[in-house]
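Here is the structure we will look at.
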Amino acid sequence: MAKPVSIEVWNPSGKYRVISTKAMPGTRWIRLLTDQDCRVEICTSKKTILSVEDILALIGEKCDGVIGQLTEDWGEALFSALSRAGGKAFSNMAVGYNNVDVNAANKYGVAVGNTPGVLTETTAELAASLSVAASRRIVEADEFMRAGLYDGWLPHLFVGNLLKGQTVGVIGAGRIGSAYARMMIEGFKMNLIYYDLYQATRLEKFVTAYGEFLKANGEQPVTWKRAGSMEEVLREGDVISLHPILDKTTYHLINKERLSIMKKEAILVNCSRGPVVDEVALVEHLKENPMFRVGLDVFEDEPYMKPGLADMKNAIVVPHIASASKVKRTS
């Protein structure tokens, strides 16, 4: 058993003991719990990711509920311990729950909650930001400028891709994928190709209506197409953003073979889950195709990157910040 983990306590005399494995922005969430007579214990350990043993120490002998993080392994060991301690609820601070063994939670009678819908716009905005940054080579240009290498304007300096009139590809047109598509279509007048097991009717209607608006104002209308396969999106998309769930069918969805069918100057964005992309294959593809660019918010072995990725000038890498907007982190 790990040593006791340091905590901060709110409402010490509360009837129900709820632990949070991480300090979270704002205090509204704390007030919501203390107003319901909860004693809230917030882990203040400096460790970025708590181990199973750390969380077992936090749960202890009596615990009514836990607020955990997507980086934690919530399986048999933790749910059985939480159940023995009298716990009835676990809340995952994430849209997804691939880090949670739902069967184990059901086995021990622990209800599981997550936050679908809360992060739609903020995640879509970051995906759009990475798309623009990669397209216009903003990070490369920023580093160049800071290094004092700029001697004056040149016709060929950091020439990137114009988004207007290009095709944006979306794999996974759920809430986040559709929000991202709307931003790129309305913001940059891009055409859409998407792949999803389910028809994105609302997204299709949006693109159709926006296309009619543009046409009525003398501009080239945007178009949409529902692809019959992911490969079709990868072949036709100029900018492709990944928004699938992570399960057995989407692990290494983007691999060496699928990278090879993409355009040589395509842009790939991933704000979903790291293991959706075979990172080793991606590094090799980036090396072999210097005009291919990628924007990543998540990584296969997070918090680590595969060897070589950090050295790629045609890769933009940010530390899982898609949800890091003040409004969403404190709401």
ask   = Does one hydrophobic cluster hold both Val239 and Val276, with members joined at side-chain heavy-atom distances below 4.5 Å?
value = no

For Thr249, the side-chain contact (heavy atoms from CB on, under 4.5 Å) test, sequence neighbours excluded, returns Asp247

For residues 151-173, dump all side-chain donor-acceptor pairs below 3.5 Å to protein atoms at least two apart in sequence or in another chain.
residue : atom : partner : partner atom : Å
Asn161  : ND2  : Glu265  : O            : 3.3

With Arg258 as partner, the option from Asp278, Val277, Val233, Leu253 fulfilling side chain to side chain contact (heavy atoms under 4.5 Å, CB included) is Leu253

- prompt: Taking the inter-plane angle between the rings of Tyr180 and His243 on a 0 to 90° scale, is it parallel (under 30°), tilted (30 to 60°) or perpendicular (over 60°)?
  reply: tilted

Margin query: Would you say that Trp74 contacts Val110 through its side chain, given a criterion of any heavy-atom pair below 4.5 Å between the two side chains?
Written below: no

Do Glu76 and Tyr108 have side-chain N/O donor and acceptor atoms under 3.5 Å apart? yes

Note: Glu284-Lys287 ion pair, threshold 4.0 Å (strictly below): yes

Report, one line per pair, each donor and acceptor closer than 3.5 Å where one atom sits in a side chain of residues 43-50; sequence neighbours left out.
residue : atom : partner : partner atom : Å
Thr44   : OG1  : Ser6    : O            : 3.2
Thr44   : OG1  : Ser6    : OG           : 2.9
Ser45   : OG   : Lys47   : N            : 3.1
Lys47   : NZ   : Asp54   : OD2          : 2.6

Arg226 and Glu204: salt bridge (Lys or Arg N to Asp or Glu O under 4.0 Å), yes or no, with the steps?
-> CA-CA 9 Å; Arg226 183 186 179 191; Glu204 292 174 0; 5.5 Å; no

In this structure, are over 12 heavy atoms from other groups packed under 6.0 Å from Met145 atom CE? no

Are the side chains of Lys313 and Arg137 in touch, meaning some heavy atoms are under 4.5 Å apart? no

Are side-chain heavy atoms of Thr21 and Ile67 found at a separation under 4.5 Å? no

